[in-house]
Asks: 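The structure follows.
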Amino acid sequence: MERYDFASVEAKWQKYWEDHDSFKAETGSPKKKFYALVEFPYPSGFGMHVGHIKAYSGLEVVSRKRRLEGYNVLFPIGFDAYGLPTENTAIKTGVHPRKVTDNNIVKFTSQLKKVGFSFDWSRVVDTTDENYYKWTQWIFLKMFENGLVFRDKTMVNYCPSCKVVLSNEDSQGGKCDVCHSDIVQKTKEVWYLRITEYADKLLTGLDNVDYLPNIKLQQENWIGKSTGAFVNFSIKENDEKLRIYTTRPDTLYGVTFMVIAPEHPIIEKYRDSIGNIDALDAYKAECAKKSEFERTQLVKEKTGVKIEGLTGINPITGKEIPIYISDYVMMGYGTGAIMAVPAHDTRDYDFAKKFGIDIIEVIKGGDISKEAYTGDGEMVNSDVLNGITNKKDAIEKVLTVLEEKGCGEKGVQYKMKDWAFNRQRYWGEPIPIVHCPECGMVPVPYEELPLRLPPVDNFEPGSDGESPLAKIESFVNCTCPKCGGKARRETDTMPQWAGSSWYFLRYCDPANDSALASKEALEYWMPVDWYNGGMEHVTRHMIYSRFWHKFLYDIGEVNTDEPYAKRTAQGLILGPDGEKMSKSKGNVVDPNDVVAAFGADVLRVYVLFMGDYEQAAPWSEDSMKGCKRFLDRIWQLQDKLVDGDEFRPELIGEMHRTIRKVTQDIEAMKFNTAIAAMMTLLNKLYDAGSVNKAEYAALLTILNPFAPHITEEIYFNLFGKVLSEQEWVGYDEALCVDSTIEIAVQINGKVKAKINIPSDAEADAAIAAAKENADVKNAIEGKNIVKEIYVKGRIVNIVAK
RNA sequence: GCGGAUAUGGUGGAAUUGGCAGACACGAUAGACUUAGGAUCUAUUGCGUGAGCGUGCAGGUUCAAGUCCUGUUAUCCGCACCA
C-alpha cells in the first residue's frame, strides 16, 4: 500500500460532503432530533486558533456519532462579529468594519472547512448582518415595552486622552491600556437591562438543566442569592434613617459601628452639619481614583474616615455608635451601608482593630481577642436572644422584634447587578430609541427595523466619550415617531453580548424575515440538547442568554423556559511552554499550519487525545506525531486484510469491549481514552497479523467521528460505500467478558501472585484457586488465616498472621 | 480576602469511582533495514544492585487508599472585600 496522501483525500471528501449536503439538518424530519451547539467564534483578524478546533471537536464527534445512530442533527456555526478589535482595526487601517468583518469571516470559513467539521453551512448566522440584528433590536424593544430597560447614572472608567470609556480589564492600575494615561472615574448615564428581575428564575431554572456541577455552582454564585434583613438605624443629629442590609441580623447586639460607602448620598445631604467634611471629601477623591475592580481586588489594610456629626443609633439597644466611610463597602450592593459586628466578621474585625473600636462578643465559641469568630454557638450579651444556640432561631427571633418595632424586615439580596447595556462605539447594534424633548424616550417602531448603522468613514470616538455615531448629523437628527417633532436618536450601540444572547434560536430558522424564527422550527429544535463552550462564558454569556430566553418565553415567543438542556466545557490549549497562548508571548499555534503539515484528521485526533477534554493541556508537536503514526497505521492495515464477515473468536472480546468503550466515552466526553482504546485495538490487530473485513469495518466506523476523511477513504476502498451514510456499530455486553480472567492475589494487602480463573468464579472457587498458587502457599506458610476477601473479577486478598 | 479547581514517571496523561498505580502516547536507549534518516520495524524503559519504595507534604480510617477523612503546601482560573 502506498503512503497515505492526506491532502488529496481530505479535499476529496470535503467536496463530497459539500456536494451531497451531507450535514444539512432538516426541520420537521420524523427522525429524532439532536441539536448540538458550540460557541460561535469572534472572527478576529488573526484567524483561528487551535483552541477553537478543540472547542468544536468535542460536539463534532458527538454529532457525527449521532448521525450514524440515525438522528437528525443540527450542528450549526456562525459569527459573533460585532466588537472592539474590528473597530480598532478600522481606525488603524481606515478599512470599514463591514469589510474587515467580511474578510475575516471568509478566512474563518475556509479554515473551518479545511478541518472537515460537519457544520450545516446553510444556516450560518452573522450577528452584524442587518437581517440578524433587526431581531436583536426587536428583542430589545420588546424588553423596553415590558419595562426591562431603564437608564441610570453610574461610575465608569474614562480615559481623557483616548476619550473612551474603558472596561476594568483595560484600566488596571488606573492606567489606560492603550495610551497609559491616568484613568478618571466619571459619572455617566447608561442603559440597563433589568436582569435582576429574573434573578430568581435564573436560579431556580438551574434545578431542571443538566450542567456540569461546577458550572451550576458558578452561576449560583454569580446570581448570589442571600437572605437576611434590612434594618433602619436612626441618626442622632437629625431624623434621617440609615438603612443597612445584613445577612446576620442575629448579631445585631454586637454592632459597635457602621460603615457606609464613600459615595453614599447621606454625606452630600448633610455636608453642612458634618464637622470633617474636608477629610471625607479627600478620602472620597482618593477612592474615586480607583476602579471598583481595584477596590475589591487589592489585599490591603483597611482604610476609612470617621464621620464627625452623624451618629447612628442601634434600633434594638438604643446605643449610640460611630459611622465611618470606607471603600470596603460598595454603593452597588445592598444599600451601600452596613452595620459592623467586629466580633463575628473578619473585615469588620480588621477595621475595628485598626481604628480601636470596641469588639463585643455575641456568639460563644471563638477567641475574639485573636480573631473574628464566624461560626455558630450560643448567643450571649444579646438580651432576648441570649441562650439561643441555633443561628436560624436567633435570626427568626430578632426579625420578629425588628418587625414589631417597625425598624427592619426580612430581605433578599442578589449579588447579580443589572446589566449595563450600551457602549460608546460604532461597531455594534444601534439602540433603537429616539429622544424626544416632548415625549421622552420613544422606541423606533417595529416596522422601521432594522435601524441600520449609518455609513461612516471616521470611527474615532466622538467628543467626551460619545459614540462615533454622535458625529453623524443625518443619523442623529430625526423626527419623533410619536409626536412628529424634532428629536435625536440614541447614539450608543449595544454591547457584544447582545447578538450572542439569542443566536441559537436563529439557527433554527436563519432566513426568516417575519420572525426571529418560526414557531414550527423552534418547536422542532429547541431546546439545545447539548451546549459546549469555554469556562469563561459560563457566567456572563450563559446567564445573559438564559435571561433573554426566559424573557422570550414569558412573552410567548419561544416554547421552552430554558434554552440549554445540557452544558459542558472544554479546557484551554496552552502553548508548548505551558503558558496560555497569546500573541504577545508568540506561542500561538495556527491550525492551518498543522493541517498543511499533518492533515486535518491528525489535528482532530490530537486535540482530543492530548488530555482530559475538560482540562487545560499544553500543545506538543511531538505528541501529535503519535496521532499521525496511529492514522498511518490505520491506513497500512489495508495490507493485512483477510476475508471474514464476523469478528474472529480470538478477537471478539477485544472488539466488543473497544466498541463499548468508544461508544460510552464519547458520551462522557472522554475522547482521550476512547482514542487510546482504538490504538490498543489497532495494536492487537497488528499483533494478530491480520484484520478481516468485519473487524476493519467496525474499527473504521467508531473512528469515523474523530478522523472522518481517512476512514471514509478506506471504507470506500473496501466496500464501495460512504461510511458517513452507514450505521454506528453495536456491541454485546455478554461478549465483552472473556471466559477466563487474570486477577491479582494479595497477602495482607500486597500483591504476591496472579492467577487465571473463570470470569464467573464464585468466592470459594477463587480463593481456593489462589491458595493453589505456589507463591501464595509460600507466603501463608505457617500463618493463621484471619480473613479472606474476593472482589468479583478484581482481586483476592488473604489476611494472614 | 472570597469562590472554584488542580497536584500521578524524563513529558502529556490512564486508573472500571475504595480493589494489580503508570493504560495509551511522547521522549530516551539498544538493535534491524538503509548511501542516509527527523521514515519504518523489534526490544527495553517509575525509582532502587537488592529486600523493597513509590500518586505535593504530615497524619488517620480500612483486609485494601491516587481515590475517603483531618491538617498543610504549591500552582492555576474567576471575582464584585457582597456585609
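Chain A is the first sequence line, chain B the second, and so forth, proteins listed ahead of strands; every chain is numbered from 1. Please read these numbers as outputs of a predicted model, since none were measured by experiment.
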Asks: Whole Å only: how far is the CD1 atom of A:I789 from the P atom of B:U62?
Replies: 13 Å

Asks: Could you give the distance separating B:G66 and B:A23 at their C1' atoms, to the nearest angstrom?
Replies: 15 Å

Asks: Using a heavy-atom cut-off of under 4.0 Å over every strand shown, decide if A:S620 touches base, sugar-phosphate, or nothing.
Replies: nothing

Asks: Please report, rounded to the nearest Å, how far the P atom of B:G12 is from the NZ atom of A:K628.
Replies: 25 Å

Asks: Looking across every strand, which nucleic acid part, if any, lies under 4.0 Å from A:D612 by heavy atom: base, sugar-phosphate, or nothing?
Replies: sugar-phosphate

Asks: Please confirm whether the shortest side-chain N or O distance from A:S226 to OP1 or OP2 of B:A83 is below 4.0 Å.
Replies: yes

Asks: Taking the P atom of each, how far is B:G18 from B:C69, in whole Å?
Replies: 11 Å

Asks: Send over the distance from A:D622 CG to B:G10 P, rounded to a whole Å.
Replies: 18 Å

Asks: Base, sugar-phosphate alone, or nothing: which one does A:K216 contact when heavy atoms must sit under 4.0 Å apart?
Replies: nothing

Asks: Does A:M416 reach a base, just sugar-phosphate, or nothing at all? Heavy atoms under 4.0 Å.
Replies: base

Asks: Is any N or O donor-acceptor pair between the side chain of A:R794 and the base of B:U16 shorter than 3.5 Å?
Replies: yes

Asks: Rounded to the nearest Å, what distance is computed from the CD atom of residue A:E614 to the P atom of nucleotide B:G13?
Replies: 14 Å

Asks: Taking any heavy-atom pair under 4.0 Å as a contact, classify A:D348: base, sugar-phosphate, or nothing.
Replies: nothing

Asks: Rounded to whole angstrom units, what separation is found between the OH atom of A:Y4 and the P atom of B:A39?
Replies: 20 Å

Asks: What is the distance, rounded to the nearest whole Å, between atom CD of A:E263 and atom C1' of B:A80?
Replies: 13 Å

Asks: Check A:D350, A:T303, A:D348 against A:Y328 for a side-chain hydrogen bond (donor to acceptor under 3.5 Å, both in side chains) and give me the one that passes.
Replies: A:D348

Asks: Using atom C1' in both nucleotides, what's the gap between B:G56 and B:A7 to the nearest angstrom?
Replies: 6 Å

Asks: Taking the six-membered ring of A:Y686 as reference, does the cationic atom of A:R633 (NZ for Lys, CZ for Arg) lie under 6.0 Å from its centre and within 45° of its axis?
Replies: yes

Asks: Scan A:L217 against the nucleic acid and name what it touches under 4.0 Å (heavy atoms): base, sugar-phosphate only, or nothing.
Replies: sugar-phosphate

Asks: Have a look at A:T346 and say if it touches a base, only the backbone sugar-phosphate, or nothing, with a 4.0 Å heavy-atom cut-off.
Replies: nothing

Asks: Once you apply the 3.5 Å cut-off to both distances, tell me the Watson-Crick or G-U wobble partner of B:U40, or none.
Replies: B:A32

Asks: Using a cut-off of strictly less than 4.0 Å, decide whether A:K415 has a side-chain nitrogen or oxygen near OP1 or OP2 of B:C82.
Replies: no

Asks: For B:A14, take OP1 and OP2 only and decide whether either is under 4.0 Å from a side-chain N or O of A:N672.
Replies: yes

Asks: What's A:R540 touching, base or sugar-phosphate or nothing? Going by heavy atoms closer than 4.0 Å.
Replies: nothing

Asks: Toward the 5' end of RNA chain B, which comes first, A:D345 or A:V799, by nearest nucleotide?
Replies: A:V799

Asks: Using the P atom as the point on both nucleotides, what is the distance between B:G9 and B:A58, in whole Å?
Replies: 15 Å

Asks: Could one point to a donor on the side chain of A:N797 or the base of B:C63 with an acceptor on the other under 3.5 Å away?
Replies: yes

Asks: Looking across every strand, which nucleic acid part, if any, lies under 4.0 Å from A:E742 by heavy atom: base, sugar-phosphate, or nothing?
Replies: base

Asks: Is the base of B:G52 syn or anti, where syn means the angle lies within 90° of 0?
Replies: anti

Asks: Rounding to the closest angstrom, what is the interatomic distance between B:C33 and B:U40 at atom C1'?
Replies: 8 Å

Asks: Under 4.0 Å between a side-chain N or O of A:R660 and OP1 or OP2 of B:U16?
Replies: no

Asks: Can you tell me if A:N683 touches the phosphate of B:A25, counting only side-chain N or O atoms and a distance under 4.0 Å to OP1 or OP2?
Replies: yes

Asks: Measuring only the C1' atom in each nucleotide, how far is B:U62 from B:G13? A whole number of Å is fine.
Replies: 29 Å

Asks: Under 4.0 Å between any heavy atoms, over every strand shown, what does A:F609 touch: base, sugar-phosphate, or nothing? Just pick one.
Replies: base

Asks: Whom does B:U6 pair with, Watson-Crick or G-U wobble, provided both distances fall under 3.5 Å?
Replies: B:A74

Asks: Indicate, yes or no, whether a donor-acceptor pair under 3.5 Å links the base of B:C26 to the side chain of A:K625.
Replies: no

Asks: Under 4.0 Å between any heavy atoms, over every strand shown, what does A:A340 touch: base, sugar-phosphate, or nothing? Just pick one.
Replies: nothing

Asks: Over all strands shown, is A:E788 touching base, sugar-phosphate only, or nothing at heavy-atom distances under 4.0 angstrom?
Replies: nothing

Asks: What is the nucleic acid contact for A:D350, judged by heavy atoms within less than 4.0 Å: base, sugar-phosphate only, or nothing?
Replies: nothing

Asks: Please determine if a side-chain N or O atom of A:R629 lies less than 4.0 Å away from the OP1 or OP2 oxygen of B:C26.
Replies: yes

Asks: Do A:F230 and A:T335 have side chains that get closer than 4.5 Å, going by heavy atoms?
Replies: yes

Asks: Would you kindly give the CG-to-P distance between A:L681 and B:A23, to the nearest whole Å?
Replies: 18 Å

